[in-house]
Amino acid sequence: MSYLLFGVTALHIVILIILFVATLDNSWWVLSEDETLNLWHDCIYNNSSESWLCSSVSTNEWFHAVQALMVLSVLFSSFSFMLFMCQLYTMEKGGLFYATGVFQILASLAVFSGAVIYASHVREFHQDKPEGGHFGHCFVLAWVAFPLGLVSGIMYIHLRKRE
């Protein structure tokens, strides 16, 4: 049982780290080695000053929905982890971690919705940018966080407290 709890806890921490990186790092869309776009800033690398010059991103409503959903997924997953720790020490023997699982599944669905919206509207978000480019590692991490969060939520729902 202790190995299972350690595994579930470790998986949840990994998911939280992935969600934080996907939400806060600077590579949702890559135009070139010198220009990356994330959910918060449009950054261009200036070779002469050897620094990043950043400006605000799209004002598109769909883009704001992606921002909100990614922040919501981090909040849901963080709350789920805190709830799991509280339930672990306060819940009676034989109890199920339903609330923890539901919040983790909600975090997973929020990240899924945000990634789908971003993928379907990416041309609208960056219409003032040159053609080309590809999805960056943050977008990929968002897609990795979705199934991991879903599996984690399902595991929490079926996990029963012993001892």
Side-chain angles (χ1 to χ4, degrees), residues 1-30 36-43 52 54 56-122 124-126 134-163:
M1 181 65 179
S2 62
Y3 291 122
L4 180 61
L5 284 175
F6 177 76
V8 168
T9 305
L11 177 62
H12 201 129
I13 290 171
V14 166
I15 292 167
L16 271 172
I17 291 169
I18 289 172
L19 285 174
F20 271 108
V21 171
T23 303
L24 300 175
D25 203 12
N26 64 351
S27 183
W28 272 70
W29 186 255
V30 179
T36 61
L37 304 151
N38 68 6
L39 294 180
W40 313 106
H41 300 289
D42 172 9
C43 297
W52 288 92
C54 298
S56 61
V57 292
S58 175
T59 58
N60 186 306
E61 291 84 13
W62 286 109
F63 196 77
H64 290 300
V66 173
Q67 290 174 328
L69 286 165
M70 290 305 296
V71 169
L72 201 58
S73 71
V74 170
L75 292 175
F76 277 150
S77 190
S78 298
F79 181 71
S80 174
F81 185 70
M82 290 185 291
L83 187 60
F84 173 65
M85 287 297 146
C86 289
Q87 286 179 325
L88 193 59
Y89 293 108
T90 61
M91 192 167 43
E92 295 179 15
K93 182 179 174 182
L96 296 169
F97 297 94
Y98 282 128
T100 302
V102 167
F103 277 103
Q104 191 67 357
I105 289 172
L106 286 173
S108 177
L109 293 176
V111 106
F112 172 76
S113 301
V116 166
I117 291 170
Y118 191 87
S120 61
H121 294 279
V122 70
E124 293 173 36
F125 299 155
H126 311 302
H134 59 277
F135 293 108
H137 69 271
C138 291
F139 180 77
V140 173
L141 286 176
W143 277 108
V144 168
F146 163 63
L148 288 178
L150 196 60
V151 166
S152 173
I154 292 169
M155 284 173 56
Y156 279 127
I157 287 174
H158 290 291
L159 187 63
R160 182 177 304 273
K161 183 176 180 184
R162 297 184 184 168
E163 300 173 17

What distance do [X] atom [atom1] and [Y] atom [atom2] have between them, rounded to the nearest 0.5 Å?
X	Y	atom1	atom2	answer
Leu16	Ser80	CG	OG	8.0 Å
Phe146	Ser113	CZ	OG	8.5 Å
Leu72	Leu19	CG	CG	11.0 Å
Ile154	Leu159	CD1	CG	13.5 Å

Go through it in stages, so that I can follow the logic: the residues are His64 and Glu61, the test is side chain to side chain donor-acceptor pair (under 3.5 Å), and I'd like the CA-CA distance, side-chain angles, deciding distance and then a yes or no.
CA-CA 5 Å; His64 290 300; Glu61 291 84 13; over 6 Å; no
Once the angle between the rings of [X] and [Y] is folded into 0 to 90°, is it parallel (under 30°), tilted (30 to 60°) or perpendicular (over 60°)?
X	Y	answer
His12	Phe81	tilted
Tyr156	Phe84	tilted
Phe112	Trp143	perpendicular
Tyr118	Phe63	tilted

Checking Leu96 against Ile157 for the side-chain contact (heavy atoms from CB on, under 4.5 Å) test, could you report, in this order, the C-alpha distance in whole Å, the side-chain angles of both residues, the deciding distance, and whether it holds?
CA-CA 6 Å; Leu96 296 169; Ile157 287 174; over 6 Å; no
Over all atoms of both residues, closest heavy-atom pair of [X] and [Y]:
X	Y	value
Ala142	Ala22	N-CB, 3.9 Å
Ser77	Ile15	OG-CG2, 4.2 Å
Gly149	Ser108	C-CB, 3.8 Å

Residue pair [X] / [Y], side-chain heavy-atom distance below 4.5 Å:
X	Y	answer
Val71	Leu39	no
Val30	His137	no
Leu148	Ile18	yes
Leu69	Val111	no
Leu11	Met155	yes

Is there a donor-acceptor contact under 3.5 Å from the side chain of [X] to the main chain of [Y]?
X	Y	value
Ser120	Ile117	yes
Gln104	Ser152	no
Ser78	Val74	yes
Thr90	Cys86	yes

Please step through ring-ring contact (aromatic ring centres under 6.0 Å, His included) for the pair Phe135 and Trp28, ending with a clear verdict.
CA-CA 6 Å; Phe135 293 108; Trp28 272 70; 8.6 Å; no
Which of these passes side-chain contact (heavy atoms from CB on, under 4.5 Å) with Val102: Leu106, Ile105, Thr100?
Leu106
Which is it for His158 and Phe97 under the side-chain contact (heavy atoms from CB on, under 4.5 Å) test, yes or no, and what are the steps along the way?
CA-CA 7 Å; His158 290 291; Phe97 297 94; over 6 Å; no
